[in-house]
Amino acid sequence: MIRASRPALACCLLLFAAAASTGAGRAATPGPAAALECDLLFSGGRVVDGTGAPWFRADVCVAGDRIAAVGQLGAARARRRIDAAKLVITPGFIDMLGQSEYNVLVDNRAASKITQGITTEITGEGSSIAPLDQRLIDESREVFAHYGVKPEWKTLREYWRAFAKAAPALNLGTFVGAGGLRSMVVGDGERAATPGELQAMEREVALAMEDGAFGVSTSLQYVPDRFASTAEIVALAKVAARYGGSYITHQRSESYAIDASLDEVFHIAREAGLPAQIYHLKVACRGMWGQMPHVLARLSAARAEGLDVSANQYPWTAGQNGLDATLPLWVREGGVKKMVERLRDPAVRARVRAELRRDDHGWENQYQCAGGGRGLLIASVVDPALERYEGQTVAEIARAEGKDPVDAIMDLVVADQGRTTNINFIMDEQDVRAALASPLVSLGTDAAGMAEDGIFSQERSHPRAWASTARILGRYVRDEKLLTLEEAVRKMTSLPASRLGLASRGILRPGLAADLVAFDPEAVREVSTYASPLHYSQGFPYVAVNGQLVIDGGRITTARPGRPLLGPGYVPRP
């Protein structure tokens, strides 16, 4: 296990400084190369070390779970030598917004992630894998029955035991979700937390930080996070700050109220005295397209003020969330059971139809922002009887069934008990490109690990789960030259590592963890599409996690070396 700490962060920053100095790209080899014993040696590759420094040609020696040496190592002995002359060797890619914390217990390969070079995921958006109570477990019993894994944990520390037992292929760390805590302590209704309830949530944050969380997260577009006041979030963030943690958020608005939403993020960072990161930075509404440069300017201005703020992003023009998120907040208030009951009332349905059709800019109207039913594609359902809808737009479903598109949405939400997901086309390519070019924005797929076979092959997903790094390296680096190779790698390695204080990862240096990717810069490409997502990326023949190849010759191996990554407040206990 890796424990991030303030001294570790200082070490990480020293490494960053060293990388910027003259000749830092050529890491020294300790001792004569002839004395080296390598378990794995990548020979003659183009090394892009993650710092943003220019690439250099070198050998990379792996011994155990560490990088042993980088340099001209032709005399070294190696159990396995890989000719990397046509490959680029980088640190393993770090996903600042993965969603695989449950999926890796079902299928420990995390196949769609490791096949695009992702070796570490950070999870926990809004509602984290822990803590849980019996009510939350009971409410998801049908999902657990479907996938065959019921929680044997209630605390984060107990989850790590389940994670170790599952032995996944990638490393995983998590934030503690304020929305999950609110659901446990306050419920899913729209009301303020009492002083006693706030104290209970603060205690849960403290326990989660001691169990290894990296900080506190929110997902403020969704129930019940939406009902938390800024003051409530500040109180929880202050607890995380005491442990050296940070705040990360799906901000309250990604459309017409984005300026007020950014004000809230900056206020929380300022008042709680901690770093803040924005999940999946986007301008998510057709009426707001072209505003990304303004958003990035506001981030830069906040940093100039002294606030440690940044963001992450996936390189696609469509998002994905629950189809029920298309509905007004008052319909979703109180949880799934109450929502379904409301949607059976004709008067409620008439009100929903009127509100979704009206583009009044007063709420996150995803239906309007996507351009109506034609911009909403059904991605996955849980009820097998509804599988015929997967891959169709809401407009196509409505046309085939002779109903209003809004009624088609409500009918699906009711039939699938709020578990349907949709892909929503709400972003502009130029805004995506602007964020990709920003040095403040790291990688976050906002997706769980999937697979071409097994239980996850039975459902559709977003191509971001399969090909986000390939899209960046192939389309935006090689083909369009929006980014240099070195900068793209930095944004997927040392930048996210520095945001988390992961001093042992994110840079290719002797002594650091041997999470490595060797890819072919000419062959790397995305294969997954919105219409046909279940395809692994190409051009990643070798991926190592903690010194073991999880991808070898382009094939998934049996190695499962992933580890829990523990945050700055972690306290070991017997």
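Note that the coordinates shown come from a computational prediction; the quantities given were computed from them, not determined experimentally.
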Please determine which of Thr326, Asn424, Thr421 meets the side-chain hydrogen bond (donor to acceptor under 3.5 Å, both in side chains) test together with Asn321.
Asn424
N-O pairing of Arg303 and Asp308 below 4.0 Å:
yes
Could you walk me through whether Tyr247 and Thr218 pass the side-chain hydrogen bond (donor to acceptor under 3.5 Å, both in side chains) test, one step at a time?
CA-CA 8 Å; Tyr247 173 63; Thr218 56; 2.7 Å; yes
Can you say whether the rings of Tyr159 and Phe163 are parallel (under 30°), tilted (30 to 60°) or perpendicular (over 60°)?
tilted
Measure the CG-CG distance between Asp133 and Asp138 for me, rounded to the nearest 0.5 Å.
8.5 Å
Determine, for Glu210 against Arg573, whether the closest basic-nitrogen to carboxylate-oxygen distance falls under 4.0 angstrom.
yes
Polar side-chain atom of Thr174 near backbone of Thr123 as donor-acceptor pair, under 3.5 Å
yes
May I ask you to say whether Lys113 pairs ionically with Asp95, meaning some side-chain N is under 4.0 Å from a carboxylate O?
yes
Kindly assign one of parallel, tilted or perpendicular to the pair Phe175 and Phe214, based on the angle between their ring planes and the thresholds 30° and 60°.
tilted
Presence of salt bridge, Glu202 and Arg242, under 4.0 angstrom
no
The side chain to side chain contact (heavy atoms under 4.5 Å, CB included) partners of Val106 (sequence neighbours excluded) come to Tyr102, Tyr147, Val149, Ile455, Phe456
So for atom CD, which belongs to Glu152, do other residues, nucleotides or ligands contribute more than 12 heavy atoms lying within a distance under 6.0 Å?
no
Criterion side-chain hydrogen bond (donor to acceptor under 3.5 Å, both in side chains) on Arg490 and Thr51, from CA distance to verdict:
CA-CA 6 Å; Arg490 184 192 70 85; Thr51 66; over 6 Å; no
State whether the side chain of Arg357 and the backbone N or O of Val406 hold a donor-acceptor pair below 3.5 Å, judged by distance alone.
no
Given side-chain hydrogen bond (donor to acceptor under 3.5 Å, both in side chains), test Ser468 with Gln116 step by step and report yes or no.
CA-CA 8 Å; Ser468 289; Gln116 57 174 307; 4.7 Å; no
Is it true that Arg270 and Glu305 have a side-chain N and a carboxylate O under 4.0 angstrom from each other?
yes
Whether Asp188 and Lys338 form a salt bridge (side-chain N of Lys/Arg under 4.0 Å from carboxylate O of Asp/Glu) is what I want to check.
no
One thing to verify: whether Arg351 and Glu355 come together as a salt bridge, which I'm taking to mean a side-chain N less than 4.0 angstrom from a carboxylate O.
yes
Check step by step if salt bridge (Lys or Arg N to Asp or Glu O under 4.0 Å) holds for Asp446 and Arg464.
CA-CA 8 Å; Asp446 194 11; Arg464 66 192 185 188; 3.5 Å; yes
Check side chain to side chain contact (heavy atoms under 4.5 Å, CB included) between Ala169 and all other residues, then give those that pass, not counting sequence neighbours.
Ile114, Val550, Arg560
Tell me whether Glu197 is salt-bridged to Arg191, with the criterion being a basic N under 4.0 Å from an acidic carboxylate O.
yes
One thing to verify: whether Asp259 and Arg298 come together as a salt bridge, which I'm taking to mean a side-chain N less than 4.0 angstrom from a carboxylate O.
yes
Please report the closest heavy-atom contact between Ala237 and Leu274, naming both atoms and the distance.
O-CD1, 3.5 Å
To the closest 0.5 Å, what do you measure between CZ (Phe227) and OG (Ser183)?
11.0 Å
For Ser261, side chain to side chain donor-acceptor pair (under 3.5 Å) partners two or more places apart:
Gln251
Separation between NE2 (His250) and CG (Leu281), nearest 0.5 Å, reads 11.0 Å
Closest non-hydrogen atom pair between Ser442 and Pro496, with its separation
CB-CD, 3.9 Å
Which pair of non-hydrogen atoms, one from Gly506 and one from Ala497, has the smallest distance, and what is that distance?
CA-CB, 4.0 Å
Under the side chain to side chain donor-acceptor pair (under 3.5 Å) rule, collect the residues that match up with Asn103, sequence neighbours excluded.
none
List in chain and number order the residues that pass side chain to side chain donor-acceptor pair (under 3.5 Å) with Gln313, two or more places apart in sequence or in another chain; answer none if no residue qualifies.
none
Which value, rounded to the nearest 0.5 Å, describes the distance between Leu105 atom CG and Lys165 atom NZ?
10.5 Å
In terms of heavy-atom contacts, Thr469 and Leu443 come closest through CG2-CD2, 3.7 Å
Selection residues 412-426 - residue pairs positive for salt bridge (Lys or Arg N to Asp or Glu O under 4.0 Å), sequence neighbours left out
Glu142-Arg419, Asp416-Arg419
Find the distance between CD1 (Ile278) and CG (Leu97) and round it off to the nearest 0.5 Å.
13.0 Å
